[in-house]
Every structure is written in C-alpha cells, then in structure tokens.
Amino acid sequence: ITGNTTEIRAGPGGFFVQADASVRLDGGMLRSDVGVTIREGGLLEGVGSIVGSVINAGVLRPGDPLGALDVDGNFAQAATGLLEIEIAVTTPGILHDRLTVTGNAGLGGTLSIIRPNGFVPATGDRFDVITHTSVTGGFTTITGESIDFDRHFTTTVSANAVTLLV
C-alpha cells in the first residue's frame with residue numbers, strides 16, 4: 001500500500017494477514033472498521049497508518065526499514081505475536097521504529113530489539129518505541145536487550161509509553 005494518498009478499505013469482515021502472507025505499508029493507509037488481524041505466520045510491516053484496531057498473533061514490523069506505524073485504535077499482541085523494533089539512532093520515527101497507538105496497547109508475546117549496522121547507543125539514551133493512551137499486560141519475552149559487556153536495554157512500561165533505556 002504505497003503513497004500518502006493511497007487508502008485501502010477492508011470490507012465488513014475485517015482485514016486479515018494470513019499465515020505465510022505479508023502486507024507492506026509504504027506511506028499509505030489501511031482502514032478497517034472491524035479491525036486488522038495478523039494471524040500466526042503472517043507479517044505486516046512498513047510505515048503509514050492503520051485506522052482500526054490491530055490484533056497481532058504473527059509479526060508486526062514498523063518501519064521501512066526504520067520509521068513509524070500509526071494505529072488509530074487499540075493494539076493487542078497475542079502470546080504468539082512478535083513486535084520487531086529497529087533502533088539505529090535516537091530520533092523516533094526516523095532512525096528508530098515506533099508504534100503509535102491512539103487507544104489501549106495490550107502487550108504480550110515477544111518484543112525483539114534489533115540494532116542495524118551494529119548501532120551502539122550511549123548510556124542514558126532513551127527510546128519510546130510504543131506510545132499509547134493506556135496499557136495492559138506486558139511482553140512475555142524480550143530479545144536483543146544486550147548491547148555489549150557493560151550495557152543493555154531496560155524495558156519500562158508506563159501509562160503512555162513503552163520505553164527502552166540504556
């Protein structure tokens with residue numbers, strides 16, 4: 001789904017990303033009044049907007065490869081869900097991925113932190129990787145937390161954001 005003026009509207013049954021299928025947003029908009037479901041084995045990636053709630057039981061990868069994905073609705077990640085976040089510099093939505101949710105973020109499954117090109121953040125660097133209005137739950141597994149011998153990411157879930165702090 002390419003371009004800032006491209007909009008795809010799902011029918012009354014909703015929009016599903018099936019197993020072994022992928023959908024890529026490239027600045028466009030995906031609209032579904034019933035919501036978007038990423039099934040186990042499915043992949044939704046890219047930058048742009050999703051109007052409607054998102055349920056992730058597959059892989060959600062904001063960015064192109066780095067950037068922001070906006071969800072105008074709620075976000076829920078199932079136990080099988082994987083949220084991949086890439087961090088290359090401290091600038092959100094430009095050089096690190098961010099998922100922006102206007103509603104509740106229901107966390108579960110796995111958060112995977114990826115540092116392309118071996119990016120090494122400084123001690124004290126902070127990355128808001130998810131912003132939301134409210135939050136429930138937490139990630140069961142977090143991968144990629146280790147940076148080097150002395151540093152690692154600490155994940156904090158607050159009322160308005162999921163933050164990685166070095």
Side-chain angles (χ1 to χ4, degrees), residues 1-10 15 17 22-33 35-38 42-78 81-122 125-139 142-145 153-166:
I1 303 171
T2 303
N4 291 332
T5 60
T6 302
E7 179 177 325
I8 301 294
R9 289 180 179 259
F15 186 91
V17 181
S22 64
V23 173
R24 181 175 185 75
L25 287 171
D26 190 12
M29 178 187 295
L30 174 58
R31 180 182 299 270
S32 177
D33 294 336
V36 173
T37 300
I38 307 162
L43 166 67
L44 193 151
E45 65 181 343
V47 296
S49 300
I50 298 172
V51 178
S53 294
V54 173
I55 298 171
N56 180 28
V59 178
L60 180 61
R61 188 182 298 150
D64 182 27
L66 300 164
L69 181 62
D70 301 323
V71 174
D72 188 1
N74 296 321
F75 170 74
Q77 182 158 292
L82 171 65
L83 176 62
E84 292 185 354
I85 297 291
E86 291 183 308
I87 297 175
V89 174
T90 57
T91 309
I94 297 172
L95 296 175
H96 81 73
D97 293 339
R98 180 166 53 191
L99 179 64
T100 302
V101 180
T102 63
N104 181 69
L107 306 179
T110 301
L111 170 64
S112 177
I113 305 164
I114 301 166
R115 295 179 298 115
N117 303 320
F119 171 65
V120 179
D125 281 352
R126 173 190 168 127
F127 305 90
D128 290 334
V129 295
I130 304 174
T131 59
H132 44 74
T133 304
S134 61
V135 66
T136 54
F139 293 108
I142 300 173
T143 64
E145 290 177 294
F153 289 104
T154 300
T155 306
T156 304
V157 178
S158 70
N160 298 58
V162 173
T163 303
L164 303 176
L165 181 63
V166 179

Rounded distance (nearest 0.5 Å) linking atom [atom1] of [X] with atom [atom2] of [Y]:
X: T133; Y: N104; atom1: OG1; atom2: CG; result: 8.5 Å
X: D26; Y: E45; atom1: CG; atom2: CD; result: 10.0 Å
X: N56; Y: L99; atom1: CG; atom2: CG; result: 9.5 Å
X: N74; Y: S53; atom1: CG; atom2: OG; result: 4.0 Å
X: D97; Y: I87; atom1: CG; atom2: CD1; result: 8.0 Å
X: L164; Y: I113; atom1: CG; atom2: CD1; result: 4.5 Å

(request) Could you tell me whether the side chains of T163 and T156 share a donor-acceptor contact shorter than 3.5 Å? (result)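 No - no donor-acceptor pair under 3.5 Å links their side chains.
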(request) Begin with the C-alpha distance, continue with both residues' side-chain angles, and end with the deciding distance and a verdict on side-chain contact (heavy atoms from CB on, under 4.5 Å) for Q77 and F139. (result) CA-CA 9 Å; Q77 182 158 292; F139 293 108; 3.7 Å; yes
Do [X] and [Y] come within less than 4.5 Å of each other through their side chains, counting heavy atoms only?
X: F15; Y: V23; answer: yes
X: T155; Y: V162; answer: yes
X: L69; Y: R61; answer: no
X: I130; Y: L83; answer: yes

(message) For V54 and I38: C-alpha separation, side-chain torsions, deciding distance, then whether side-chain contact (heavy atoms from CB on, under 4.5 Å) applies.
(response) CA-CA 8 Å; V54 173; I38 307 162; 4.2 Å; yes
(request) Under the side-chain contact (heavy atoms from CB on, under 4.5 Å) rule, what do F153 and L165 come out as? Steps first, then yes or no, please. (result) CA-CA 5 Å; F153 289 104; L165 181 63; over 6 Å; no
(message) I need the minimum non-hydrogen distance between I114 and P116, along with the two atoms involved.
(response) O-CD, 3.3 Å
(message) I need the single residue from D72, L44, D70, V101 that forms a side chain to side chain contact (heavy atoms under 4.5 Å, CB included) with I50. Which is it?
(response)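 Answer to the side chain to side chain contact (heavy atoms under 4.5 Å, CB included) test with I50 among D72, L44, D70, V101: L44.
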